[in-house]
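Inspection log for the structure reproduced underneath, given as structure tokens.
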Amino acid sequence: MRYVNQAVPKLDAQALVTGQAVYTDDIAPDDCLIVKVLRSPHAHALIRDVQLSRAKAVPGIEAVFTYKDCPDKRFTLAGQTYPEPSPYDRLILDQRVRFVGDPVAIVAGQTEEAVQKALKLIEVQYEVLEPVLDFHKAKDNPVLIHPEENWESLAPVGADNQRNLCAHEECYEGNVEQVLAECAYVVDETYHTKANQQAMMETFRAYSYKDAYGRLNIVSATQVPFHVRRIMATALNIPKSRVRVIKPRIGGGFGAKQTAVMEMYPAFVTWMTGKPAKMVFTREESMIASSPRHEMEVRVRIGADEDGRIRAMDVYTLSNTGAYGEHGPTTVGLSGHKSIPLYGKTDAFRFVYDVVYTNVMSAGAYRGYGATQGIFAVESAVTELAEKMGVDPVVLREKNLVKEGQVMPAYYGETAQSCALDRCLERAKEMIGWEEKYPARDMGNGKVRGIGVGMAMQGSGISACDTASVALKVNDDGFYSLMIGATDMGTGCDTVLAQMAAECLECGIDEIVVHGVDTDVSPYDCGSYASSTTYVTGMAVVKTCETLREKLLERGAAYLGCDPEDAEFDGEKVTNLKNGESISRAEIGNRVMCNNGDALSASEAFSSPVSPPPFMVGIAEVEVDKLTGAVELIDYAAVVDCGTPINPNLARVQTEGGIAQGIGMALYEDIVYNDKGKNYSNSFMQYKIPSRLDVGTIRVDFESSYEPTGPFGAKSIGEIVINTPAPAIANAVSNAVGVRIRELPITAEKVYWGMQEKK
């Protein structure tokens, strides 16, 4: 193919490397009011009185708002398709504060100095309440985090605010207890993953203004513009027709910006004052009042027979949604539905979960979206099962992994129509030299090297839910405008979608102009999340191109005076097959500008009844210092099945970046609270993310399958790539020094004390 499966440079590459790219804060008007919020020092409290007179008297202060000024209408900040599974438990400002950092008041002023001074002069009287900080004790705790009567759950997800329960579900097939009792080998262990920050370079930021028609315009670095429109209209209690959302370039998101963390504050200021307003989160705010990964504790019971067939899997997940429920009911499902299906020969499975409220920062979406936590647990347990059986963990996986044509257990009855997981495992073994290095090698210098493996799967959009549409039109001189609702946040989706369009239309990629998102102009797209853009939006592009090709053929045939059946379009011209006469696309584009009754444009939508999973294998080689317990990642070999890679270079970069984030989760990143709920991890001095020096050598390869429901056989790649490092590294450490770490991150202290216990 000319463009698909080719390493086309990103359309915005030159702008990025020359510093020409502009972001939200770069284009905000100079006269924006500066907006900041006063944050609660308590994990759980009621606001009894707020004195604002001194703050309002500060020169340059435009307005100060409290909960008394805000609509008493609850909503969710989760950027999800309506009706949102996440409960409506938020107010713009609430009398009850539920974590250290929860907003108490909004201050808007002409300068940042004035706003900062005013914040210090607000006097708040709190009635401090007992917080719930241990998520093991949250369910059915007498302390209720959301006792309000107007709390609401729009979807049947098992939520009950009177039990501090954000979601609950059970699903099973077969009799798990009976099958486990029949198994010769059983592992029963519990694994704990902490909250993690997305740590994108651009913090949360947005500005707002009213246009000439009095409509609220919000310019936001968001992954979900159309959802933000709905969220803001609900929060402000105004019609959606009064809200417009525009997405400029985004400086990274990784799921964080699938939650409308702060757009409501400048939007509320603009709606109340009529003046433009801007809010830019500091790095500290982005660390203490954002939307990190959900902390989860996952108990895994897994059993195998004498021959090594895994017969039963039982997974129970306890998820900590924090103070609010956005994404709580949906992330948790992936911890089982994206880990259990990796093993296709089970006789029985069971998956149960509880999602609970606590008085810490609310969690949200993060690359991997719950699958990361569940895969760490299940893949660790499978390796522990292999250890118990005395067999090679790769051999155990080879016997049990899901293969093409199999119905995937716990995956909604879907069949793996495209699956190269077996080839991924074989290739990763070759890349790392598994046969020579397994399980470990003593280096003779007080250090030992071990290797470990992890497998993963994800999805491609949300089946029977995610919808994407694009619009495509022919302009004068015949160039195309491709209008999309998907959001490029550095992932290169604008380039990938343009590649598909150029392939379908048989034109140069430089002849396609891709337009970013404006909810007044762009066709609807649910946004960039759930690994949906390449698969879901890509199919919308293919459908739209096919429709537009037919229109071009018909218009060209009309100009040539022949029937469309007697003409063909080769991307550059329409030719009359009977006499050889032709008319160029450029001429067609120019001629339709005059005396034309049919628009030369097309728009199509796509939604898939299935979510074909990409697959991945990662193998890590680590070096452990036997004296200190320090772990160094030496080598990481990864092989991905994402169907047809539309752009191999971008797919490789996505994979390398996701692996680096997974390494951070495995070895470094840890959000730490004190006994009163204060978050100590409020900067990059306290919250370590890996640098290039910390990730060792990362090597990536692809084993392509062909997904019949995807564009050009493609599946997703954005999220799966973060899922294998945690189990692979934990398994490698265990092979190296015999210490099994079941709580992330894997620190030198944990390894050291584990070695001491073994002595």
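Model, not experiment: these values are computed from the prediction.
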Do you know the tightest heavy-atom contact between Thr547 and Glu604? OG1-OE2, 2.8 Å
Using a strict 4.0 Å threshold on nitrogen-to-oxygen distance, state whether Asp598 and Arg555 make a salt bridge. yes
Which value, rounded to the nearest 0.5 Å, describes the distance between Leu577 atom CG and Glu565 atom CD? 11.0 Å
Looking only at non-hydrogen atoms, find the nearest pair between Thr534 and Ala714 and report the distance. CG2-CB, 4.2 Å
Taking Thr495 for its side chain and Leu11 for its backbone only, find out whether a donor-acceptor pair lies under 3.5 Å. yes
When you compare the side chains of Gln499 and Asn647, does any donor N or O come within less than 3.5 Å of an acceptor on the partner? yes
Checking Thr487 side chain against Gly527 main chain: does a donor-acceptor pair fall under 3.5 Å? no
Closest non-hydrogen atom pair between Val610 and Ser463, with its separation: C-CB, 3.5 Å
Is it true that the side chains of Thr18 and Gln20 contain a donor and an acceptor less than 3.5 Å apart? yes
Assess, by modelled atom type and distance only, whether the side chains of Asn475 and Ser481 contain a donor and an acceptor separated by less than 3.5 Å. yes
Has Gln406 got a side-chain atom pairing as donor or acceptor with Lys403's backbone, closer than 3.5 angstrom? yes
Roughly how far, to the nearest 0.5 Å, is CD of Glu707 from OG of Ser608? 8.0 Å
When you check the side-chain N and O atoms of Tyr207 and Thr270, is any donor under 3.5 Å from an acceptor? no
If I compare all heavy atoms of Gly461 with all of Val536, which pair ends up nearest, and what's the gap? CA-CG2, 4.2 Å
What distance do Arg585 atom CZ and Leu600 atom CG have between them, rounded to the nearest 0.5 Å? 10.5 Å
So, is the end of the Arg591 side chain (NZ or CZ) under 6.0 Å from the ring centre of Tyr559 and within 45° of the ring's axis? yes
With side chains defined as the heavy atoms from C-beta onward, is the minimum distance between Met616 and Gln458 less than 4.5 Å? no
Tell me, with the steps shown, if Arg249 and Asp26 meet salt bridge (charged side-chain N to carboxylate O under 4.0 Å, His left out). CA-CA 10 Å; Arg249 167 169 293 283; Asp26 297 322; over 6 Å; no
Is a donor on one side and an acceptor on the other found under 3.5 Å between the side chain of Thr259 and the backbone of Val261? no
Does the ring center of His337 lie less than 6.0 Å from the ring center of Tyr411? no
Within a radius of less than 6.0 Å around NZ of Lys210, do more than 12 heavy atoms belonging to other residues, nucleotides or ligands occur? yes
Residues Thr724 and Ala456: closest non-hydrogen pair is CG2-CB, 3.6 Å
For Met593, look at atom CE and say whether over 12 heavy atoms of other residues, nucleotides or ligands are found less than 6.0 Å away. yes
Kindly indicate whether the side chain of Glu414, heavy atoms from C-beta on, has any atom under 4.5 Å from the side chain of Val407. no
With Leu77, which of Gln258, Met262, Glu326 fulfils side chain to side chain contact (heavy atoms under 4.5 Å, CB included)? Glu326
Classify the side-chain pair Thr203/Arg205 by whether it contains a donor and acceptor separated by less than 3.5 Å. yes
Taking atom types as modelled and ignoring hydrogens, do the side chains of Asp566 and Asn576 form a donor-acceptor contact shorter than 3.5 angstrom? no
Side chains of Tyr535 and Thr709, donor plus acceptor under 3.5 Å: yes
Does Thr575 reach the side chain of Phe569, with side-chain heavy atoms less than 4.5 Å apart? no
Less than 4.5 Å apart, side chain to side chain, heavy atoms only: is that true for Tyr412 and Pro341? no
Just verifying a value: how many Å separate Ser522 OG and Ile246 CD1, rounded to the nearest 0.5 Å? 9.5 Å
Residue pair Ser531 / Glu719, side-chain donor-acceptor N/O under 3.5 Å: yes
So do the side chains of Ile509 and Glu511 get within less than 4.5 Å of each other, counting heavy atoms only? no
Are Asp211 and Asn217 linked by a side-chain donor-acceptor pair shorter than 3.5 Å? yes
Please check if atom CD in Gln14 has more than 12 non-hydrogen atoms from other residues, nucleotides or ligands closer than 6.0 Å. no
Note: Lys551 and Ser601 closest approach over all heavy atoms is NZ-O, 2.7 Å
If we count only N and O atoms by modelled type, under 3.5 Å, do the side chains of Arg367 and Gln661 hold a donor and an acceptor together? yes
Check whether Lys10 reaches the backbone of Val496 with its side chain - one donor and one acceptor, N or O, closer than 3.5 Å. no
Quiz question: by atom type and distance under 3.5 Å, do the side chains of Lys247 and Ser220 form a donor-acceptor pair? no
How about Tyr82 and Glu84: do any of their side-chain heavy atoms sit closer than 4.5 Å? yes
Would you say Thr491's side chain and Asp488's backbone share a donor-acceptor pair under 3.5 angstrom? no
Check whether any side-chain heavy atom of Pro248 sits under 4.5 Å from a side-chain heavy atom of Tyr23, and report yes or no. no
Would Tyr369 and Thr330 count as a side-chain hydrogen bond (donor to acceptor under 3.5 Å, both in side chains) here? Give the steps. CA-CA 8 Å; Tyr369 203 78; Thr330 43; 2.6 Å; yes
Are any side-chain N or O atoms of Thr537 and backbone N or O atoms of Ala468, one a donor and one an acceptor, separated by less than 3.5 Å? no
Rounded to the nearest 0.5 Å, what separation is found between the CE atom of Met200 and the OG atom of Ser286? 5.0 Å
Ignoring hydrogens and angles, tell me if any N or O in the side chain of Gln198 forms a donor-acceptor pair with the backbone of Ser291 under 3.5 Å. yes
Donor-acceptor side-chain pairing of Thr372 and Asn723 below 3.5 angstrom: yes
Output the distance between atom NZ (Lys278) and atom CD1 (Ile27), rounded to the nearest 0.5 Å. 11.0 Å
Any heavy-atom pair between the side chains of Leu334 and Thr331 that's under 4.5 Å? no
Would a line drawn from the ring center of Phe226 to the ring center of Tyr524 be shorter than 6.0 Å? yes
Does either side chain, that of Ser86 or that of Gln80, offer a donor lying less than 3.5 Å from an acceptor on the other one? yes
Between Tyr529 and His227, what is the ring plane arrangement, given parallel below 30°, perpendicular above 60°, and tilted in between? tilted
Is a side-chain N or O of Lys715 found less than 3.5 angstrom from the main chain of Ser418, in a donor-acceptor match? yes
Judged by atom type as modelled, is there a donor-acceptor pair below 3.5 Å linking the side chain of Glu703 to the main-chain atoms of Val640? no
